[in-house]
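Counting convention: from 1, in listed order, for ligands and their atoms alike.
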Amino acid sequence: MTVVTKPKVVLGVSGGIAAYKACELLRRLTESGHDVRVVPTDSALHFVGAATWSALSGNPVSTEVWESVHEVPHVRIGQGADLVVVAPATADMLAKAAHGLADDLLTNTLLTARCPVVFAPAMHTEMWEHPATQENVATLRRRGAVVIEPAVGRLTGVDTGKGRLPDPAEIFEVCRRVLNRHSLARGVTTPDLAGRHVVVSAGGTREPLDPVRYLGNRSSGKQGYALAKAAAARGARVTLVEANTGIADPAGVDVVRVGTAVQLREAVLKAAADADAVVMAAAVADFRPAVYAPGKIKKKDDGGAPTIELVRNPDILAELSADRALPGQVVVGFAAETDDVLANGRAKLARKGCDLLVVNEVGERKTFGSEENEAVVLASDGAETPVPYGPKEALAETVWDLVLPRLRPST
Ligand SMILES: Cc1cc2nc3c(=O)[nH]c(=O)nc-3n(C[C@H](O)[C@H](O)[C@H](O)COP(=O)(O)O)c2cc1C
C-alpha cells in the first residue's frame, strides 16, 4: 500500500491587522491537501486567537519554545516543513528574520527551515518604505526567500497606499507554485530565479488620436501576467510594465502602469537599468498618430473622412538588445505573426538582435485573449524549442527555463 504524505506547510502569522486574512489562506491550504501547522506570534494572537488556528488547521498551536519541550518544537517544526509561509509578515518579523533573531517559536522555525520560505508583508506604507524594512527585504530575497510585494489599497483605518496584504488567493497561488517547483527539484531549496531582477511587459499600447479615440490592438496581457507570476514564484524580483490590461496586480510583482508605446519604452528602460532579464511580451504599436487632436475630431461636412498621418514608434526591443543596460542582460521578444510564422520569426530575431524570440501565430480568435498559446521559442544560437498548445502558464515556465542558462553569473 502506498502512503501518500501531505506536504507539510508552516503558516507563520505575525501581529498585523491582516492576520484575519490568514484564516482564508489556511482554509485554502488545508482544503487543497496540505498539512498545515500554524505558528503565530504573541502579537498575532491579539488579532486572531489560538482556538481559531487550532480548529482550522487540526494541529496544536503555540507561540513559544517552552511548550512540549520533549518534542523540541523549536527545531522539529522547521526541519520537517516543505514550505514556510509567513502571512502577514510584520515589519518586525521581516527585521527579525533578516537578522536571524530567535526569540519565539516562529523565528526559531525560520532559522531551522531548509525548505522554501515565502513572506507576505503587510504594514503601513511608511513602514514598508522605510530603508530599514527595504534593506531587510533585500537581505531576505538575496538569501533566496520569496518576499511578495504588498498590494496597494485600503490599510488599517482610513489610510490607503502600498502595504496591504495581497489577496489570500494570490498568496496561495504563490505557495502552490513554489511548492510545485520545489518538489520537482528535491534537494534544491533556493528557487532558481532567487536574487534576480526581471522585467516583463504585458498588454497592448493605445496611441491616442483625440481625447476619445485611440489606435490599439487585441493583446489581453494574459501571457505577460503568466510570465510575471511564474518569475515571482521562482524567486525573482519582478517589475511588470503593463499597458491597458485591466488585470488585477499579481502578488509579489511590482506593477508599473502605462498607456502608450512611448510611456512603455520609458518605464521598461528605467526598470531594465538593473535587470538580469527583460521579456517584452507587450504588443507595442509600431505607429502612432503624428498629431494628437486636443478636441474630438469631427465628421467633415462634405461627407469625407479625415486622413490620419502616422509616425513610427520607437523599436523598444531592438533598442534593449543593442544597448544592454548590463553586460549579459538577457532580452526576450515576442513575435505575433499572422502568416509565414517561422520564417518571419527568424528574420525578426536576426533584425532585433535579442537572445530569444517567442514566435506565435495570432488572429482575431487565436492567442489574443485566450487562456492557451502555442509557440516556438527561437534562440540567437540557432536552438528552436517548440511549445505545444497549452496554458499560457506552461509557455511562461518554458521561457524562464530557457532564460535561466543564459543569465550572467549571479553576484
Ligand atoms: C492595531 C494594530 C495593528 C498593527 N498592524 C500592523 C501591521 O499591519 N504591520 C506591522 O508590521 N505591524 C503592525 N502592528 C505593529 C505590530 O503588532 C508590532 O510591531 C509587533 O511588535 C509585531 O510583533 P510580531 O512581529 O512578533 O508579530 C500593529 C499594531 C497594532 C496595535
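Atom 7 (C) of ligand 1 is approached by the protein to below 4.0 angstrom, counting heavy atoms only. Using a 4.0 Å threshold on non-hydrogen atoms, atom 18 (C) of ligand 1 does not count as touching the protein.
Interface of I17 with ligand 1, defined as ligand atoms under 4.0 Å from a residue heavy atom, comprises 5 (N), 8 (O). Each of the atoms 24 (P), 26 (O), 27 (O) of ligand 1 lies under 4.0 Å from some heavy atom of T41. Those atoms of ligand 1 that come under 4.0 Å of a heavy atom in S14, given as number and element, are 25 (O), 27 (O). Every atom of ligand 1 with a heavy atom of G16 under 4.0 Å away is listed here by number and element: 5 (N), 6 (C), 7 (C), 8 (O). Those atoms of ligand 1 that come under 4.0 Å of a heavy atom in T90, given as number and element, are 10 (C), 11 (O), 12 (N), 24 (P), 25 (O).
Contact annotation: for H46 versus ligand 1, there are no heavy atoms closer than 4.0 Å. No part of W128 comes within 4.0 Å of ligand 1, judged by heavy-atom distances.
Checked by distance only, ligand 1 and S43 come closer than 3.5 Å through their nitrogen or oxygen atoms. Considering backbone and side-chain atoms alike, A91 places an N or O below 3.5 Å from some N or O of ligand 1.
Using a 4.5 Å heavy-atom cutoff, the side chains of D254 and V238 are not in contact.
Compare T63, V13, D92, V86 by their heavy atoms: the one nearest to atom 26 (O) of ligand 1 is in D92. Summarising the contacts of atom 28 (C) of ligand 1 with A97, A44, A95, G15, the nearest heavy atom is found in G15.
Screening R28, H34, R27 for a side chain to side chain donor-acceptor pair (under 3.5 Å) with E31, the sole residue that qualifies is R27.
Of all non-hydrogen atoms in V241 and L264, the two that sit nearest each other are CG1-CG, 4.2 Å.
Scanning the protein heavy atoms around atom 29 (C) of ligand 1, the nearest turns out to be F47 CZ, 4.3 Å.
Using a 4.0 Å heavy-atom cutoff, A122 is listed among the residues neighbouring ligand 1.
For the atom pair CG (L56) and CG (L11), the distance works out to 10.5 Å, reported to the nearest 0.5 Å. The distance from atom CG of L209 to atom CD1 of I297, rounded to the nearest 0.5 Å, is 5.0 Å. The distance from the CD atom of E129 to the CE atom of M123 is 11.0 Å, given to the nearest 0.5 Å.
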* Start with the C-alpha distance between D276 and H197, add both sets of side-chain angles, then the distance that settles side-chain hydrogen bond (donor to acceptor under 3.5 Å, both in side chains), and finish with yes or no. => CA-CA 6 Å; D276 295 284; H197 177 210; over 6 Å; no

* Can you list the steps and then say if D103 with K96 is a salt bridge (Lys or Arg N to Asp or Glu O under 4.0 Å)? -> CA-CA 9 Å; D103 61 355; K96 284 179 173 168; 3.5 Å; yes

* Verify side-chain contact (heavy atoms from CB on, under 4.5 Å) between R406 and Q329, making sure each step is shown before the conclusion. => CA-CA 9 Å; R406 293 174 166 83; Q329 183 178 67; over 6 Å; no

* Asked: Checking side-chain hydrogen bond (donor to acceptor under 3.5 Å, both in side chains) for the pair T133/E135: CA distance, chi angles, key distance, verdict?
  -> CA-CA 5 Å; T133 305; E135 277 174 33; over 6 Å; no

